[in-house]
Visitor: 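Before I ask anything, here is the structure I am working with.
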Amino acid sequence: MNDTTGRERRLSEWCGKGRYVLIDFWASWCGPCRRTSMSMIPIYEAYKDRGFTIVGVARENNSENMKLAIEKDGYPWLNLLELKDENKIWEKYGAGNSGGRTVLVNSDGTILAVSPTAAEV
């Protein structure tokens, strides 16, 4: 997928690289997704220097909506664009047509939790 600058990126760049990663499946049009994402900002800020990161995967029909939502909500982490479901990433991670999902992956790539709250993370 591409990031907000158009650079092609892979989730594997972060997962299983000695850090804990929260993969955040969200969309600009999904209120519950965005509330979940915003709830993770304090967790990210507290642990980003201790081996934790978040990678957002925005499901969009155009990149501008994603960029506006990132700016408005203040997501400080990398966000990738799943444009028109071209890679079927949401489907691969079981998010399908749901209202988003988060997946917590540990340092060796094992999925620890699906849709954990900020307190659980």
Side-chain angles (χ1 to χ4, degrees):
M1 292 170 283
N2 291 335
D3 63 19
T4 56
T5 68
R7 180 178 170 202
E8 187 174 302
R9 308 298 288 264
R10 297 179 181 277
L11 283 174
S12 61
E13 291 177 50
W14 293 271
C15 295
K17 301 291 183 185
R19 65 177 77 109
Y20 285 71
V21 179
L22 183 74
I23 305 170
D24 180 21
F25 296 93
W26 68 282
S28 63
W29 44 264
C30 178
C33 302
R34 289 175 67 178
R35 283 190 294 279
T36 296
S37 299
M38 286 185 285
S39 76
M40 298 298 173
I41 293 172
I43 306 303
Y44 174 80
E45 293 297 339
Y47 295 100
K48 68 182 180 183
D49 296 328
R50 295 174 49 193
F52 174 75
T53 195
I54 297 175
V55 177
V57 179
R59 184 183 202 184
E60 302 291 338
N61 288 320
N62 69 65
S63 63
E64 196 57 35
N65 290 342
M66 174 184 87
K67 291 175 186 176
L68 290 171
I70 290 168
E71 183 177 328
K72 180 177 181 185
D73 297 348
Y75 307 147
W77 49 77
L78 175 73
N79 280 279
L80 305 174
L81 176 62
E82 174 65 15
L83 188 61
K84 298 179 183 176
D85 289 323
E86 64 190 351
N87 297 300
K88 307 263 185 263
I89 296 296
W90 277 46
E91 186 179 310
K92 290 175 184 174
Y93 279 83
N97 289 322
S98 69
R101 168 172 279 177
T102 54
V103 179
L104 182 62
V105 180
N106 75 3
S107 59
D108 67 8
T110 302
I111 294 174
L112 297 177
V114 175
S115 298
T117 64
E120 291 169 331
V121 171

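Keep in mind that this is a model prediction, so the values were computed, not measured. The first residue of the sequence shown is numbered 1, and numbering continues consecutively from there.
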Visitor: Would you say Ile54 and Val21 make side-chain contact, with heavy atoms under 4.5 Å?
Guide: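 Of all side-chain heavy-atom pairs linking Val21 with Ile54, none is under 4.5 Å.
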Visitor: Under a single-linkage definition using a 4.5 Å side-chain heavy-atom cutoff for Ile, Leu, Val, Met, Phe, Trp and Tyr, are Leu78 and Ile41 assigned to the same hydrophobic cluster?
Guide: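 Each belongs to a different hydrophobic cluster.
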Visitor: Do Cys30 and Pro32 have side chains that approach each other closer than 4.5 Å (heavy atoms only, starting at C-beta)?
Guide: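 Contact flag for Cys30/Pro32 side chains = yes.
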Visitor: Report yes if the side chains of Thr117 and Ser39 come closer than 4.5 Å at any heavy-atom pair, otherwise no.
Guide: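 Side chain of Thr117 against side chain of Ser39, heavy atoms only: no contact under 4.5 Å found.
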Visitor: Would you say the side-chain atoms of Glu82 pair up with the backbone N or O of Lys88, donor to acceptor, closer than 3.5 Å?
Guide: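 Flag set: sc Glu82 to bb Lys88 pair under 3.5 Å.
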Visitor: Evaluate the side-chain proximity of Asp3 to Leu81: yes if any heavy-atom separation is below 4.5 Å, no if none is.
Guide: no
Visitor: Under a 4.5 Å side-chain heavy-atom rule over Ile, Leu, Val, Met, Phe, Trp and Tyr, are Ile43 and Trp26 clustered together?
Guide: yes
Visitor: Taking Glu60's backbone N and O only, do any of them form a donor-acceptor pair with Trp29's side chain (distance below 3.5 Å, no angle check)?
Guide: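 Between the backbone of Glu60 and the side chain of Trp29 there is no qualifying donor-acceptor contact (under 3.5 Å).
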Visitor: Kindly give the heavy-atom pair with the smallest separation between Met40 and Pro116, and that separation in Å.
Guide: CE-O, 3.5 Å
Visitor: How many angstroms lie between atom CD of Glu86 and atom CE of Met1, to the nearest 0.5 angstrom?
Guide: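 Rounded to the nearest 0.5 Å, the CD-CE separation comes out at 9.0 Å.
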Visitor: Got Ser107 and Arg19 here, is their nearest side-chain heavy-atom distance under 4.5 Å?
Guide: no
Visitor: Please report the interatomic distance CZ(Arg9) to CG(Asn79), rounded to the nearest 0.5 Å.
Guide: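 These two atoms lie 11.5 Å from each other.
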Visitor: More than 12 heavy atoms of other residues, nucleotides or ligands under 6.0 Å from NZ of Lys72: yes or no?
Guide: no
Visitor: Looking only at heavy atoms, which two atoms of Ala27 and Cys33 are closest? And how far apart?
Guide: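 Nearest heavy atoms, Ala27 then Cys33: N-CB, 4.0 Å.
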Visitor: Measure from the side-chain N and O atoms of Glu71 to the backbone N and O of Leu68, and report whether any donor-acceptor pair falls under 3.5 Å.
Guide: no
Visitor: Taking Asn2 for the side chain and Thr5 for the main chain, is one N or O donor matched with an acceptor at less than 3.5 Å?
Guide: no
Visitor: Run through Leu22, Thr53, Asp24 and flag the one making a side-chain contact (heavy atoms from CB on, under 4.5 Å) with Tyr44.
Guide: Thr53
Visitor: With a 6.0 Å cut-off (strictly less than), is the heavy-atom count around OH of Tyr47, excluding the residue itself, greater than 12?
Guide: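 Incorrect, the count does not exceed 12.
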Visitor: For the side-chain contact (heavy atoms from CB on, under 4.5 Å) test, which of Leu104, Ile23, Val103, Asn106 pairs with Ile111?
Guide: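 Single side-chain contact (heavy atoms from CB on, under 4.5 Å) partner of Ile111 among Leu104, Ile23, Val103, Asn106: Val103.
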Visitor: Roughly how far apart are Lys84 NZ and Asn62 CG, rounded to 0.5 Å?
Guide: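 Rounded to the nearest 0.5 Å, the NZ-CG separation comes out at 8.0 Å.
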Visitor: Starting from the C-alpha separation in whole Å, work towards a yes-or-no answer on side chain to side chain contact (heavy atoms under 4.5 Å, CB included) for Ser115 and Arg101.
Guide: CA-CA 5 Å; Ser115 298; Arg101 168 172 279 177; 3.7 Å; yes
Visitor: Establish whether Met38 and Val121 are linked, either directly or via other cluster members, by ILVMFWY side-chain heavy-atom contacts under 4.5 Å.
Guide: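 Met38 and Val121: one cluster.
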Visitor: Measure from the side-chain N and O atoms of Asp73 to the backbone N and O of Tyr75, and report whether any donor-acceptor pair falls under 3.5 Å.
Guide: no
Visitor: Spell out, yes or no, whether Ile70 and Leu83 are grouped together once hydrophobic residues are joined by side-chain heavy atoms under 4.5 Å, including indirect joins.
Guide: yes
